[in-house]
2 protein chains.
Amino acid sequence: MDKKTRIRFETRAAVIKALAHPTRLFLVDVLSRNEKCVCELTEMVGADISTVSKHLTVLRTAGLVEADKRGLQVWYRLRTPCVMNFFDCIESVIKSTGSSPVGCCVGRCKL
Amino acid sequence: MDKKTRIRFETRAAVIKALAHPTRLFLVDVLSRNEKCVCELTEMVGADISTVSKHLTVLRTAGLVEADKRGLQVWYRLRTPCVMNFFDCIESVIKSTGSSPVGCCVGRCKL
DNA sequence: TAACTATTTGGCAATATCGCCAAATACTTT
DNA sequence: AAAGTATTTGGCGATATTGCCAAATAGTTA
């Protein structure tokens, strides 16, 4: 395993990790239809605005969404619609296993 | 946000979380070409066999790989080739941002 | 400029993840 | 049956992630 290969998989994992949270998946799903301001996303998620803002930062750092400020509001939109294709595959995995959510933000996660 | 929606995203996140690690991405990549026994995968990864075994368990629990025992060895293979399509999308995200790996198993992860 | 609104940032406590070691399990060979 | 091989499981210390609160920042309006 050469270093180059190792770094390639670490880089990919960093992007996938940004998607690996129910709230962030929800945000990506919403943003795949329309751009939204943070306040609106916060209302949809139902968590503290600071929590939602941090999730959006994670997505933005990974290159999955982008944002621009208009007046007081910051509007986010999906940069990479191709991630939506992936969800069909994920759904097929879920259907084929009857899997249910495990080990994720037990009891604290609004989403 | 109704409960049903919440659970749907938690379920999806659980599957994606199983992919969100460089070693597991590497395993998926290797298994997408051929089935392999744990010992061979362990050698390729270069970590402790117990570590590799646990990563394989994570992938299997998520429904992404399956395994069967033959003699002393356990052979794993990819159940869901569709995940490979996703990597092209991930690569395009990476190329468009020049992103590099962050915050992941710093200094400890062989992969 | 002071008050107000929208968002981000800092920090902390609670969880979750990770990798290794040691021990247990399962199967094979002698 | 005893010894040997392949794999899984238990457990622990080290890291990383998450959500909320409070405070800081940025822009708007009175």
Side-chain angles (χ1 to χ4, degrees), chain A residues 1 6 9-10 13-27 35-62 65-76 101-111, chain B residues 1 6 9-10 13-27 35-62 65-76 101-111:
Chain A
M1 166 68 48
R6 181 167 53 78
F9 284 102
E10 284 179 2
V15 176
I16 294 175
K17 200 176 288 196
L19 288 169
H21 189 282
T23 300
R24 294 196 291 269
L25 283 184
F26 175 76
L27 291 169
E35 61 175 7
K36 296 277 185 194
C37 63
V38 179
C39 53
E40 197 169 355
L41 292 168
T42 297
E43 190 174 6
M44 295 176 87
V45 170
D48 191 275
I49 188 174
S50 71
T51 299
V52 174
S53 175
K54 280 181 182 173
H55 280 307
L56 288 166
T57 298
V58 170
L59 290 171
R60 189 154 43 78
T61 301
V65 305
E66 58 189 1
D68 64 311
K69 190 159 196 175
R70 298 175 203 159
L72 281 177
Q73 299 179 325
V74 178
W75 289 75
Y76 280 82
V102 283
C104 173
C105 39
V106 180
R108 283 194 304 158
C109 180
K110 296 267 177 47
L111 191 55
Chain B
M1 169 62 50
R6 181 168 53 76
F9 284 102
E10 284 179 2
V15 176
I16 294 175
K17 201 175 289 196
L19 287 170
H21 189 284
T23 299
R24 294 196 292 267
L25 283 183
F26 175 76
L27 291 168
E35 61 176 5
K36 296 278 187 196
C37 63
V38 179
C39 52
E40 197 169 357
L41 293 168
T42 297
E43 191 174 7
M44 295 175 86
V45 170
D48 192 274
I49 188 173
S50 70
T51 299
V52 175
S53 175
K54 279 180 183 173
H55 280 307
L56 289 165
T57 298
V58 170
L59 290 170
R60 189 155 44 79
T61 302
V65 304
E66 57 190 2
D68 65 311
K69 191 159 195 175
R70 299 178 204 156
L72 281 178
Q73 300 178 326
V74 178
W75 289 75
Y76 280 82
V102 283
C104 172
C105 38
V106 179
R108 283 194 304 158
C109 180
K110 296 267 176 51
L111 194 57

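Naming convention: chains lettered A, B, ... in sequence-line order (proteins, then strands); numbering from 1 in each chain.
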- Closest to side chain of B:Ile49, choosing from C:dT7, D:dT7, D:dC20: D:dT7
- Task: Answer yes or no: does a side-chain N or O of B:His55 lie under 4.0 Å from OP1 or OP2 of C:dG19?
- Result: yes
- Separation of C:dG19 P from A:Glu10 CD (nearest whole Å): 10 Å
- Query: How close or far is atom P of D:dT8 from atom CG of B:Asp68, stated in whole angstroms?
  - Reply: 12 Å
- Message: Let me spell it out: for each of A:Gln73 and A:Thr57, pick the nucleotide of DNA chain C with the closest heavy atom. Which residue's pick is nearer the 5' end?
- Response: A:Gln73
- Message: Rounded to whole Å, please give me the gap between CZ in A:Arg70 and C1' in D:dA26.
- Response: 17 Å
- Side-chain N or O of B:Arg24 less than 4.0 angstrom from OP1 or OP2 on C:dC18? yes
- Task: For the pair B:Arg70 (side chain) and B:Trp75 (backbone), establish whether a donor and an acceptor sit closer than 3.5 Å, ignoring hydrogens and angles.
- Result: no
- Query: Of the nucleotides D:dT18, D:dT7, C:dT7, which has the atom closest to the B:Val38 side chain?
  - Reply: D:dT7
- What's the CD-P distance between A:Glu40 and C:dT7, to the nearest Å? 10 Å
- Proximity to the side chain of A:Ser53 - top-ranked nucleotide from C:dT8, D:dC20, D:dT18: C:dT8
- Query: Okay, side chain of B:Arg6, backbone of A:Pro22: is any donor-acceptor separation there less than 3.5 Å?
  - Reply: no
- Item | Presence of A:Tyr76 side-chain N/O under 4.0 Å of C:dA6 phosphate oxygens OP1/OP2 | no
- Side-chain contact check for B:Lys69: nearest option of C:dC18, C:dC27, C:dT7 is C:dC27
- Give the nucleotide from the list C:dC20, C:dG19, D:dT17 with an atom nearest to the side chain of A:Lys17. D:dT17
- B:Leu27 atom CG is separated from C:dG19 atom P, nearest whole Å, by 11 Å
- Item | Closest to side chain of B:Lys54, choosing from C:dC20, D:dC21, C:dT7 | C:dC20
- Output the distance between atom CG (B:Leu56) and atom CG (B:Leu41), rounded to the nearest 0.5 Å. 6.0 Å
- Among D:dT7, C:dC21, C:dT8, the nucleotide that comes nearest once only the side chain of B:Asp48 is considered: C:dC21
- Has the side chain of A:Thr42 got a donor or acceptor atom that lies under 3.5 Å from a matching backbone atom of A:Val38? yes
- Note on the structure: The nucleotide from C:dG19, D:dG11, D:dG27 with an atom nearest the side chain of A:Leu72 is D:dG27
- Message: In this structure, how many angstroms lie between the C1' atom of D:dT17 and the NE2 atom of A:His21, rounded?
- Response: 8 Å
- Task: With rounding to the nearest 0.5 Å, note down the distance linking CG in A:Asp68 to CD in A:Glu35.
- Result: 7.0 Å
- Query: Choosing from D:dG27, C:dT7, D:dT9, which nucleotide comes nearest the side chain of B:Ser50?
  - Reply: D:dT9
- To the nearest Å, how far apart are B:Leu59 CG and C:dT17 C1'? 14 Å
